[in-house]
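These numbers come from a predicted model, not from an experiment.
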Amino acid sequence: MIDHPTGSDGVVVPLALVALPTSLLKRLLLGRPFRSDRLQHTLLPKRIALPVFASDALSSVAYAPDEILLTLSIAGASAFFFSPWIALAVVVVMLTVVASYRQNVHAYPSGGGDYEVATVNLGPRAGVAVASALLVDYVLTVAVSVSSGVANLGSVVPFVATHKVLIAVVAVVILTAINLRGLRESGTAFAIPTYGFIIVMVGMILTGLFRVFVLGDDLRAPSADLVIQAEHSVTGFALVFLLLRTFSSGCAALTGVEAISNGVPAFKAPKSRNAATTLLLLGTIAVSMLVGIIWLARLTRMQFVEDPSQIVSGPDGYVQKTVTTQLGETVFGSGSILLFVVAGMTALILFLAANTAFNGFPVLGSILAQDRYLPRQLHTRGDRLAFSNGILFLAAFAIVLIVGFQAEVTRLIQLYIVGVFVSFTLSQAGMIRHWNRHLRTERDPEARHRMLRSRAINTFGMILTGLVLIIVLITKFLLGAWIAIAAMAVIYLLMLAIRRHYDRIAAELEPGEGRAVLPARNHAIVLVSKLHQPTLRAIAYARATRPDTITAVTVNVDEKDTRDLQEEWERRDVPVPLTVVDSPYREITRPILNFVASTRRESPRDVVTVFIPEYVVGRWWENLLHNQSALRLKSRLLFEPGVMVTSVPWQLASTSGKDLDRLDATLSRGPARGPRVAPRSTLPPPPSPPVVAAPPVESGVESGERP
């Protein structure tokens, strides 16, 4: 129901609702816009926040084991012995990072996350470095998660495997549309699949362990009987390097942990406590699933190779499937319904894991825009109280990566986790400074004890994540990590340049001491193409502003049209002089600019107000029938110092639609009469219209209808 406004006489005034096709499509996809005071209703409880912010880290168990096994396969089947130890090392790092970030969310609950911690404690440059790393990592999160989801789904659906790039792009588009509808709606949509994935993975692991240790079944993975050969002979230092590279690939399981620290404002109160609890749940579940999958893969003697040419012998027509799909087939049987449930839920959670980035990237972008490091358009919320521009930017960059790397997880994973460990390390260094600063002033023994404990956790976290970062840079630099580093450097320099631009603009706009100097004189210029109603309205409005001088200006593009205009001007006795500017090359914009500049040149304190009459059409296709000369003139005049531009619109009947029938009836009776002219003014008659020769211009410049 729509409440119609009531006029002063008590009569109900109907509202004309006109919706453009684009607006209808927008409402269909996104829903009705939310009022700003509805923001509190979009806050998330822990049960919804977990799938929203933790789906990335939870889903990493679907591709981190793959990366661990395929990297070890370089040294041959015997190297799979190290997989549980690599997984244990990753678990130690993950638990350390979770414990460290629990301190972060309590100390900095505003949602700035690593960026705010580094900026406050290490300086703005460190904060920008962290922000650039996180922005790159968020984009890679979407690309890697969606590509991995396509790979898992392609293990059981051949059509997906042969069209993986297209499927991945469609998935990103769908995720974008869901997130544009608002945070709570996307969280509710993702809660069921995320919890379903946890139940399916834990159920598969427990079922497999039960069959092995209780029932005594000899479970063998489909790849257990493969005979593979090592790509290289790996011994001594080469083996150590391979293990470090495997560890760095497995650390992809840590991506997404930092998203909760950036999303604290989205939690319901008490925000910090709920965010810390969600972090603990995330760490516990992710660690349990990662260890369980690696353990079960080892028990079933699973083999997973990087290069299919390593397979010396195996079953006829063997096609390598992902780790989780092989485990599902081993535990539940080939062709069983539960196998398809495992593959489907794994693919779905990987698609939805990108939602972590869709919530983290826009919030971080808004904070950076507020601090003037990114365009201000990223700071504002859209119709559904989501940061729509940030969501669209993230989707666009992720699609570029997916298409550029053909949705290959192994290629994309090499760019991954560099950024997140840069932010981990700098954030923990900032937290150490944070605790040191507070310890210098805190005197309460209990509070000091808590701070010392928190500082110890952050110190250990900084050392450990710093070592991991060094390992990642050494082992992955030539494999593609240099691309991520280069992207971070470009974004870092770009953000500094944007900040310098905004600072320079702010300095120029800063009001000076004393009062502003008023202009000495105001010269009014009315641009004329024909003597019609928009022109008469512009002249009347210009005269109402009481300028010091006023003149109408037309450009002589066509001799006959100009003579007709002069005769009509004199016949109607318009009380404003008409100046004709000559244009031998039929250009419009440059002669007017020169005339305006010459008018102001007499005194630097004079201003020129240019009145541009223009009619407004109501349909988009009607704009295609006009050459938009008024728009071009306005865009050029805005760069002229001391020139004010005033548009005088004349709305045509199509803008409202209510007078169209009356206008059609009038046109059917015969040609329209000339426009009505206001009563003759008491001002003295205008002088004869002078003709001003425009300065010579080069041939081949702009042409079009007169202004």
Side chain proximity check, [X] to [Y], heavy atoms < 4.5 angstrom:
X      : Y      : answer
Met201 : Phe197 : yes
Arg372 : Ile498 : no
Leu426 : Asp114 : no
Phe361 : Phe393 : yes
Trp295 : Ile205 : no
Phe421 : Val93  : yes
Met94  : Leu290 : no
Ser83  : Leu69  : yes

Ignoring hydrogens, what is the shortest heavy-atom contact between [X] and [Y]? Give both atom names and the distance.
X      : Y      : result
Gln103 : Ala99  : NE2-O, 3.1 Å
Val105 : Arg102 : CG2-O, 3.4 Å
Ala64  : Gly250 : CB-O, 4.0 Å
Asn104 : Met431 : OD1-CG, 3.2 Å
Ser249 : Thr71  : OG-OG1, 3.8 Å
Cys251 : Val468 : SG-CG1, 3.9 Å

Straight-line distance of [X] [atom1] to [Y] [atom2], nearest 0.5 Å:
X      : Y      : atom1 : atom2 : answer
Phe358 : Thr176 : CZ    : OG1   : 3.5 Å
Ile86  : Ile294 : CD1   : CD1   : 9.5 Å
Thr425 : Leu469 : OG1   : CG    : 5.0 Å
Tyr115 : Ile367 : OH    : CD1   : 8.0 Å
Phe397 : Leu394 : CZ    : CG    : 9.0 Å
Asn274 : Leu279 : CG    : CG    : 11.5 Å

Identify every side-chain donor-acceptor pair in residues 140-147 under 3.5 Å, counting partners at least two apart or on other chains, and give the distances.
from: Thr141; atom 1: OG1; to: Asp137; atom 2: O; distance (Å): 2.8
from: Thr141; atom 1: OG1; to: Tyr416; atom 2: OH; distance (Å): 3.0
from: Ser145; atom 1: OG; to: Thr141; atom 2: O; distance (Å): 2.8
from: Ser147; atom 1: OG; to: Ala143; atom 2: O; distance (Å): 2.7

Test item: [X] side-chain N/O and [Y] main-chain N/O as donor-acceptor pair under 3.5 Å:
X      : Y      : value
Tyr502 : Arg376 : yes
Lys271 : Phe267 : yes
Thr119 : Glu116 : no

Using the side-chain contact (heavy atoms from CB on, under 4.5 Å) definition, which of the options Thr246, Ile293, Val323 pairs with Ile68? Thr246
Among Ile432, Leu467, Ile457, which residue meets the side-chain contact (heavy atoms from CB on, under 4.5 Å) test with Met462?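 The side-chain contact (heavy atoms from CB on, under 4.5 Å) with Met462 is passed solely by Ile432 among Ile432, Leu467, Ile457.
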Testing the 3.5 Å rule here: is there a donor-acceptor pair between the side chains of Asn121 and Tyr108? yes
Can a side-chain donor-acceptor contact be found between Gln428 and Asn458 if the only test is distance below 3.5 angstrom? yes
Give me the ring orientation class for Phe424 and Tyr101: parallel if the planes are under 30° apart, tilted from 30 to 60°, perpendicular past 60°. perpendicular
Working for side-chain contact (heavy atoms from CB on, under 4.5 Å), residues Tyr195 and Ile198: CA-CA 5 Å; Tyr195 286 122; Ile198 295 173; 4.3 Å; yes
Evaluate side-chain contact (heavy atoms from CB on, under 4.5 Å) for Ile474 paired with Phe241, printing each intermediate quantity in order. CA-CA 9 Å; Ile474 292 175; Phe241 184 84; 3.9 Å; yes
Using the test side chain to side chain donor-acceptor pair (under 3.5 Å), find all partners of Asn436 that sit at least two apart in sequence or belong to another chain.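 Side chain to side chain donor-acceptor pair (under 3.5 Å) list for Asn436, sorted by chain: Arg455.
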Show your working on side-chain contact (heavy atoms from CB on, under 4.5 Å) between Leu299 and Phe213 and close with a plain yes or no. CA-CA 10 Å; Leu299 291 174; Phe213 291 107; 3.7 Å; yes
Would you please test Arg499 and Asp503 for side-chain contact (heavy atoms from CB on, under 4.5 Å) and show each step? CA-CA 6 Å; Arg499 176 59 186 263; Asp503 288 345; 3.0 Å; yes
Decide yes or no on ring pair (Phe, Tyr, Trp, His ring centres under 6.0 Å) for Phe80 and Trp85, but give the supporting numbers first. CA-CA 10 Å; Phe80 293 133; Trp85 303 104; over 10 Å; no
Is any NZ, NE, NH1 or NH2 atom of the basic residue among Arg448 and Asp444 found under 4.0 Å from an Asp or Glu carboxylate oxygen of the other? no
Does Phe81 CZ have over 12 foreign heavy atoms under 6.0 Å away?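 Counting other residues, nucleotides and ligands, CZ of Phe81 stays at 12 neighbours or fewer.
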Does atom CZ of Arg125 have more than 12 heavy-atom neighbours from other groups under 6.0 Å away? no
